[in-house]
**Student:** 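This is the structure I have questions about; it appears just below.
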Number of protein chains: 2
Amino acid sequence: MNEHVVDDFITALQGATTVEGARDLFTKTLQQLEVGHYAYLGLRFRGSGPRGRPFFITTYPQPWVEHYDGNNYLQIDPVMLEAPSRSTPMHWGTREHRKTVTPRQKKFLNEAAEMGLCQGSAIPIHAAGGEFGLVSVAIDATPRQFTALMRAHQHQLHLLSLYYHAHVAENFISNESPKVSVTSRERECLLWSALGKSSWDISEILNISEATVNFHMQNAMRKLEVYSRPHAIVKAVMMGIINP
Amino acid sequence: MNEHVVDDFITALQGATTVEGARDLFTKTLQQLEVGHYAYLGLRFRGSGPRGRPFFITTYPQPWVEHYDGNNYLQIDPVMLEAPSRSTPMHWGTREHRKTVTPRQKKFLNEAAEMGLCQGSAIPIHAAGGEFGLVSVAIDATPRQFTALMRAHQHQLHLLSLYYHAHVAENFISNESPKVSVTSRERECLLWSALGKSSWDISEILNISEATVNFHMQNAMRKLEVYSRPHAIVKAVMMGIINP
DNA sequence: CGGCAACCTATCAGTTCTGCTAGCACCCTA
DNA sequence: TAGGGTGCTAGCAGAACTGATAGGTTGCCG
């Protein structure tokens with residue numbers, strides 16, 4: 001029945017030139033898979049720099065969203081805490097999952113269940129450049145029905161989420177890095193510094209004077225528009241200039 | 001026919017307790033999808049530290065592997081150069097792909113084709129903790145056959161690759177981080193330092209003395225077993241202690 | 001060939017960080 | 001309630017880094 005859901009989605013996504021268009025397409029496609037509510041959270045987009053605004057879309061009930069925000073549940077929500085460190089989807093709210101959470105988190109899950117968010121699947125999305133997104137779908141059904149639904153659609157949900165995130169990141173997030181061009185010497189100095197070497201250490205490694213190392217670091221910092229080594233290195237890593 | 005290939009693979013993977021067992025399972029499963037040759041490259045595993053050994057498995061023809069290594073083709077191979085910055089699979093060696101490569105790369109692709117590696121699909125795998133893996137499958141067939149095969153199995157290849165990498169990373173790579181426990185103050189200092197703040201800046205932000213900031217940074221460095229701020233911050237980011 | 005630009009090399013004064021030491025507040029437990 | 005452990009606060013000497021300045025090398029182009 002849903003043989004070509006994913007392919008159709010990918011094709012249609014090419015024509016989605018606005019955030020709203022892509023969102024509606026994603027929502028509609030998930031409805032085809034009998035998903036009641038979902039939340040998409042796009043974090044750490046490439047080029048958006050540190051602490052860039054998250055990209056947030058949800059069809060969760062408004063009262064729940066407000067309750068969630070009001071109680072600072074981001075710090076408690078077991079999905080938000082566990083999913084980022086996973087590479088594959090996880091189920092939440094199930095009998096099995098509840099065994100692994102703290103009492104406070106259990107209370108949180110109970111509150112969610114009262115709003116119809118009984119259980120669901122959370123799909124972590126790790127993309128190029130350290131990007132991270134999260135799709136959490138909620139299924140208001142019996143455990144038995146949930147299991148059957150997941151068996152049928154888990155992989156499709158997974159793929160849809162991956163392609164949706166990739167499309168959002170590529171088209172709707174300003175990810176233009178002002179193409180910093182560091183020289184090879186500068187890159188070497190950044191890398192060794194990131195690995196814990198001091199200027200003197202690096203001067204020995206590269207067979208140049210310590211003062212020269214400092215000069216290269218300085219130029220690298222100027223190009224990266226920062227004023228300390230730690231910041232330069234973090235930025236260089238974020239921009240993919242060095243891979244420690 | 002191949003309805004449950006992915007689910008069967010995931011189930012069987014649970015029982016694969018050795019590298020060889022998982023490899024053979026992956027190979028066998030890909031053969032079911034009519035994939036002639038594949039290469040799996042696991043890079044940047046979490047916890048394996050900077051410059052960890054890559055994890056490499058391939059069924060490519062031995063002569064090609066040697067030719068590849070001998071000519072340092074890692075620096076030329078358009079797949080190796082492009083895939084890491086992509087979030088979704090790409091096709092290589094196709095008429096369309098050849099339009100986007102340099103003359104040297106075209107020569108490279110021609111040499112590959114002579115060995116039966118005419119075209120294929122490359123699946124980038126971004127996982128938790130900045131892990132990266134790459135699965136490249138080669139299909140020795142006409143462009144028409146290739147298109148049909150991809151239409152039928154692309155998504156399955158994608159999912160198989162994701163789960164295979166996750167399993168390898170979790171079970172066969174020593175990813176035990178000695179559970180460094182930094183305090184909240186230490187984490188705050190690390191984070192602000194990563195964002196370019198000096199000790200004095202941070203002391204103003206946190207309303208404590210500069211000496212105290214230095215003390216916290218020092219404890220963080222001791223716990224992380226490093227001897228400079230740049231290194232501490234890089235390690236903290238790698239270990240997921242801070243998210244700049 | 002001369003001029004130019006980009007990069008590497010080097011030096012120095014002033015600022016910041018590293019390593020060490022020590023007191024105080026809090027929580028837990030005996 | 002006393003003791004031990006943990007974490008936060010703070011000061012100081014010596015080492016490392018920041019920022020500005022300047023000469024030397026290489027390769028490109030008119």
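Because the structure is predicted, anything quoted here is derived from the model rather than measured. In what follows, chains carry the letters A, B, and so on, assigned in the order in which the sequence lines appear, proteins first and then strands, with residues in each chain numbered from 1.
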**Student:** Considering only side-chain heavy atoms of A:Y227, which listed nucleotide, D:dG19, D:dA10, C:dT9, is closest?
**Tutor:**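 Selected nucleotide: D:dG19.
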**Student:** Walk me through it: do B:F132 and B:H165 pass the test ring pair (Phe, Tyr, Trp, His ring centres under 6.0 Å)?
**Tutor:** CA-CA 9 Å; B:F132 178 71; B:H165 173 86; 8.1 Å; no
**Student:** Where the side chain of B:A211 is concerned, which of D:dG11, C:dT18, C:dC17 is the nearest nucleotide?
**Tutor:**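 For the B:A211 side chain, the nearest candidate turns out to be D:dG11.
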**Student:** From CZ of B:R229 over to C1' of C:dG19, roughly how many Å is that when rounded to an integer?
**Tutor:**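 That distance rounds to 12 Å.
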**Student:** Which nucleotide sits closest to the side chain of A:T183: C:dC7, D:dC17, C:dC17?
**Tutor:**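 Between C:dC7, D:dC17, C:dC17, the one nearest the side chain of A:T183 would be C:dC7.
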**Student:** Check whether the side chains of A:T100 and A:R98 place a donor and an acceptor atom closer than 3.5 Å, and report yes or no.
**Tutor:**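 No donor-acceptor contact under 3.5 Å links the two side chains.
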**Student:** How long is the line joining NZ of A:K197 and P of C:dC17, in whole Å?
**Tutor:**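 These atoms are roughly 22 Å apart.
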**Student:** Separation of A:D201 atom CG from C:dC17 atom C1', in whole Å?
**Tutor:**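 So the two atoms are 15 Å apart, to the nearest Å.
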**Student:** Between atom CD in A:E225 and atom C1' in D:dG19, what is the gap in whole Å?
**Tutor:**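 Rounded to whole Å, this separation is 17 Å.
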**Student:** Among C:dC20, D:dC8, D:dA10, which is the nearest nucleotide to the side chain of B:S209?
**Tutor:**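 Looking only at heavy atoms from C-beta outward on B:S209, the closest nucleotide is D:dA10.
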**Student:** Would you say B:S184 places a side-chain N or O within less than 4.0 Å of OP1 or OP2 belonging to D:dC8?
**Tutor:**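 B:S184 to D:dC8 OP1/OP2: side-chain N or O found under 4.0 Å.
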**Student:** How would you label the contact of A:S198 with the nucleic acid (heavy atoms, under 4.0 Å): base, sugar-phosphate, or nothing?
**Tutor:**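 Sugar-phosphate contact only - A:S198 comes under 4.0 Å of backbone atoms but never of a base.
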**Student:** Can you identify which nucleotide, out of C:dT18, C:dC8, D:dC17, has its nearest atom closest to the A:H216 side chain?
**Tutor:**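 Nearest listed nucleotide: C:dC8.
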**Student:** Would you call B:E204 and B:K197 a salt bridge, taking side-chain N to carboxylate O under 4.0 Å as the test?
**Tutor:**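 No, this pair does not count.
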**Student:** Between B:S199 and C:dC17, is there a side-chain N or O to OP1/OP2 distance below 4.0 Å?
**Tutor:**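 So the side-chain polar atoms of B:S199 do come within 4.0 Å of the phosphate oxygens OP1 or OP2 of C:dC17, strictly under.
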**Student:** Tell me the interatomic distance from B:I202, atom CD1, to D:dT9, atom P, rounded to whole angstroms.
**Tutor:**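 Those two atoms, CD1 and P, are 13 Å apart.
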**Student:** Measuring from B:E188:CD to B:H216:NE2, what's the distance to the nearest 0.5 Å?
**Tutor:**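 One gets 8.5 Å once the value is rounded to the nearest 0.5 Å.
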**Student:** What does A:M217 touch in the nucleic acid at a heavy-atom separation under 4.0 angstrom: a base, only the sugar-phosphate, or nothing?
**Tutor:**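 The answer is nothing, as A:M217 stays clear of every strand by at least 4.0 Å.
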**Student:** With respect to the side chain of B:F215, which nucleotide from C:dC20, C:dT9, C:dT18 is positioned closest?
**Tutor:**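 The listed nucleotide nearest to B:F215's side chain is C:dC20.
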**Student:** Could you state the atom-to-atom distance from CH2 of B:W200 to C1' of D:dC17 in whole Å?
**Tutor:**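 One finds 19 Å between C1' of D:dC17 and CH2 of B:W200, rounded.
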**Student:** Got A:M217 and A:R229 here, is their nearest side-chain heavy-atom distance under 4.5 Å?
**Tutor:**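 Yes, side chains in contact.
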**Student:** Which of these nucleotides, C:dT9, D:dC8, C:dC20, is closest to any side-chain atom of A:I208?
**Tutor:**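 Of C:dT9, D:dC8, C:dC20, C:dT9 is nearest to the side chain of A:I208.
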**Student:** Taking atom P of D:dG19 as reference, at what distance in whole Å does atom CE of A:M221 sit?
**Tutor:**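 Going from A:M221 (CE) to D:dG19 (P), I get 5 Å.
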**Student:** With under 30° as parallel and over 60° as perpendicular, where do the rings of B:H67 and B:W64 fit, or are they tilted in between?
**Tutor:**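 Judged by the thresholds at 30° and 60°, the geometry between B:H67 and B:W64 is tilted.
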**Student:** At under 4.0 Å, does any side-chain N or O of A:R185 touch on OP1 or OP2 of C:dT9?
**Tutor:**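 Yes, such a contact exists.
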**Student:** B:N219 has an atom CG; how far is it from atom P of D:dA10, in whole Å?
**Tutor:**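 Going from CG in B:N219 over to P in D:dA10 covers 15 Å.
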**Student:** Looking only at side-chain N and O atoms, does A:T212 come under 4.0 Å of OP1 or OP2 in C:dT9?
**Tutor:**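 No, because none of the side-chain N or O atoms of A:T212 sits under 4.0 Å from OP1 or OP2 of C:dT9.
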